[in-house]
Trainee: 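Quick one: this structure, given as structure tokens, is what I'll be asking you about.
So that the names make sense, note that chain A is the first sequence line, chain B the second, and so on, each numbered from 1.
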Protein chains: 2
Amino acid sequence: MEIRIGDLAKRSGCEVVTIRYYEKEGLLPKPARSGGNFRLYGEAHIERLQFIRHCRSLDMTLSEIRALLGLRDNPMQDCGEVNTLLEAHIQQVEMRVSALLQLKRHLVDLREKCSGSRSVEACGILQGLGNRNCHGESATNSQTSG
Amino acid sequence: MEIRIGDLAKRSGCEVVTIRYYEKEGLLPKPARSGGNFRLYGEAHIERLQFIRHCRSLDMTLSEIRALLGLRDNPMQDCGEVNTLLEAHIQQVEMRVSALLQLKRHLVDLREKCSGSRSVEACGILQGLGNRNCHGESATNSQTSG
DNA sequence: AAAAACTCTATAGTCGCTATAGAGTCAAGT
DNA sequence: ACTTGACTCTATAGCGACTATAGAGTTTTT
Ligand SMILES: [Zn+2]
Ligand SMILES: [Zn+2]
Ligand SMILES: [Zn+2]
Ligand SMILES: [Zn+2]
């Protein structure tokens with residue numbers, strides 16, 4: 001059961017170049033080669049690539065995935081690290097969600113500011129964007145002394 | 001009122017290199033130079049950079065910001081485009097939020113799968129990640145025929 | 001004058017791919 | 001055997017929005 005890179009791409013829903021990229025990044029082990037130097041993949045590669053794609057669909061970074069693969073490759077280990085990693089990832093996602101929601105609220109506020117007037121000059125949106133006190137910059141920026 | 005790049009950076013809460021980058025990208029006009037070839041900025045630059053940073057804090061891309069600046073530079077125009085751009089941006093943010101929420105739900109489901117067992121091999125999380133049917137791939141992937 | 005702090009340009013790196021160029025390989029048709 | 005076409009190979013550059021570095025020059029402070 002040896003398939004070529006194109007078939008693997010089809011099976012995994014991932015581009016050929018991406019597969020080669022994963023190989024270069026050390027996520028996929030180097031496969032056997034045919035006489036004509038084509039990559040030949042087996043079941044293990046297929047399954048591993050699906051694992052990677054699954055993790056990617058969950059927005060994990062390649063380095064998170066590398067860590068998970070490393071754990072998977074040593075099945076005798078304690079799975080505590082898996083939990084830790086997943087937990088950290090969930091928190092990252094949560095943080096991004098709340099940041100985006102705050103963002104959206106601000107954007108919607110901004111949208112209200114255009115009273116449907118005509119000129120750009122009078123548009124409340126652009127005025128709002130030009131106003132530095134429009135929304136709190138306290139979160140990221142705490143060094144005001146100088 | 002001419003300030004140097006470092007002061008502008010402090011005022012705008014943005015790195016020196018980033019300011020130079022904005023200049024190269026055409027978002028900030030080339031400033032005057034001192035005898036020693038240092039950039040010298042005036043009020044207009046400060047205000048414009050604050051506008052840019054404000055937009056960036058709303059996660060707008062530089063090309064969206066470029067468009068807004070272009071509109072702002074021609075104040076007689078109709079502000080309809082401003083609205084359109086903002087509306088599109090809000091929708092993008094909304095889409096990202098819902099994608100992230102779906103993601104989070106999946107991640108939380110996954111987290112439940114680890115029953116606190118010990119070995120990585122038996123960990124439900126890794127098993128879940130290895131299972132291609134774990135979550136619907138119908139959204140992105142519709143070409144199953146071949 | 002010397003040291004520290006700032007600025008200059010140019011270049012490469014980040015992440016997770018995507019796109020391109022130019023060459024080689026393979027299977028099918030004639 | 002020859003050609004066509006689909007596939008694959010390596011190597012390199014580009015995306016976006018920066019960040020980091022090197023090596024030189026300028027200004028300010030001591
Ligand atoms: Zn308006
Ligand atoms: Zn604001
Ligand atoms: Zn577990
Ligand atoms: Zn899943």
Trainee: Specify the residues of residues 87-102 of chain A, ordered by number, for which at least one heavy atom lies under 4.0 angstrom from an atom of DNA chain C.
Mentor: none
Trainee: Measure the spacing between CD of B/Gln92 and CD of B/Glu64 and express it to the nearest 0.5 Å.
Mentor: 5.5 Å
Trainee: For A/Glu81, I'd like to know if atom CD has over 12 heavy atoms of other residues, nucleotides or ligands within 6.0 Å.
Mentor: no
Trainee: Mind checking whether A/Tyr21 and A/Leu62 have side chains closer than 4.5 Å, heavy atoms only?
Mentor: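 In short, these two side chains touch, coming nearer than 4.5 Å.
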Trainee: Walk along DNA chain D from 5' to 3' and tell me the first and last nucleotide with an atom closer than 4.0 Å to a non-hydrogen atom of chain A.
Mentor: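 The protein-touched segment is D/dT8 to D/dT10.
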Trainee: Roughly how far, to the nearest 0.5 Å, is the SG atom of A/Cys134 from the CG atom of A/Leu129?
Mentor: 7.0 Å
Trainee: Mind checking the CE-CD1 spacing from A/Met1 to A/Ile46? Nearest 0.5 Å is all I need.
Mentor: 4.0 Å
Trainee: Does any non-hydrogen side-chain atom of A/Arg33 lie less than 4.5 Å from one of A/Leu40?
Mentor: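 No, every pair of side-chain atoms sits at 4.5 Å or beyond.
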Trainee: Pairs in or reaching into residues 58-110 of chain A: which pass ring pair (Phe, Tyr, Trp, His ring centres under 6.0 Å), with residues at least two apart or in two chains?
Mentor: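 Every ring pair (Phe, Tyr, Trp, His ring centres under 6.0 Å) pair that includes a residue of residues 58-110 of chain A, provided the two are not neighbours, is A/His106-A/His135, A/His106-B/His54.
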Trainee: Evaluate the side-chain proximity of B/Leu126 to A/Val82: yes if any heavy-atom separation is below 4.5 Å, no if none is.
Mentor: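 Yes; the side chains approach each other to less than 4.5 Å.
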Trainee: I need the CZ-P distance between B/Arg4 and C/dC6, as an integer number of Å.
Mentor: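 Whole-Å distance recorded here is 9 Å.
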Trainee: With a 4.0 Å heavy-atom cut-off, tell me which residues in residues 48-61 of chain A come close to DNA chain C, sorted by residue number.
Mentor: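 A/Arg53, A/Arg56, A/Thr61 - these, ordered by number, are the residues of the stretch whose heavy atoms sit under 4.0 Å from the strand.
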Trainee: Answer yes or no: is there a side-chain heavy-atom contact under 4.5 Å between B/Val120 and A/Asn74?
Mentor: no
Trainee: My understanding is that only residues two or more places apart in sequence, or in another chain, count here; which of them pass side chain to side chain contact (heavy atoms under 4.5 Å, CB included) with A/Pro29?
Mentor: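 With neighbours one apart ignored, the set is A/His45, A/Arg48.
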Trainee: Is the shortest heavy-atom distance from the side chain of A/Arg39 to the side chain of A/Leu8 under 4.5 Å?
Mentor: no
Trainee: Is there a side-chain contact between B/Glu94 and A/Val108, using heavy atoms and a 4.5 Å cut-off?
Mentor: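 The answer is no; the side chains never approach within 4.5 Å.
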Trainee: For B/Tyr21 and C/dT11, give me the distance from atom OH to atom P, rounded to whole Å.
Mentor: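 Result: 17 Å.
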Trainee: To the nearest 0.5 Å, what is the distance between OG on A/Ser12 and CD1 on A/Ile19?
Mentor: 4.5 Å
Trainee: Does anything in residues 22-46 of chain B come within less than 4.0 Å of DNA chain C? Heavy atoms only, and list the residues if so.
Mentor: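 Within residues 22-46 of chain B, the residues near DNA chain C are B/Arg33, B/Asn37, B/Phe38, B/Arg39.
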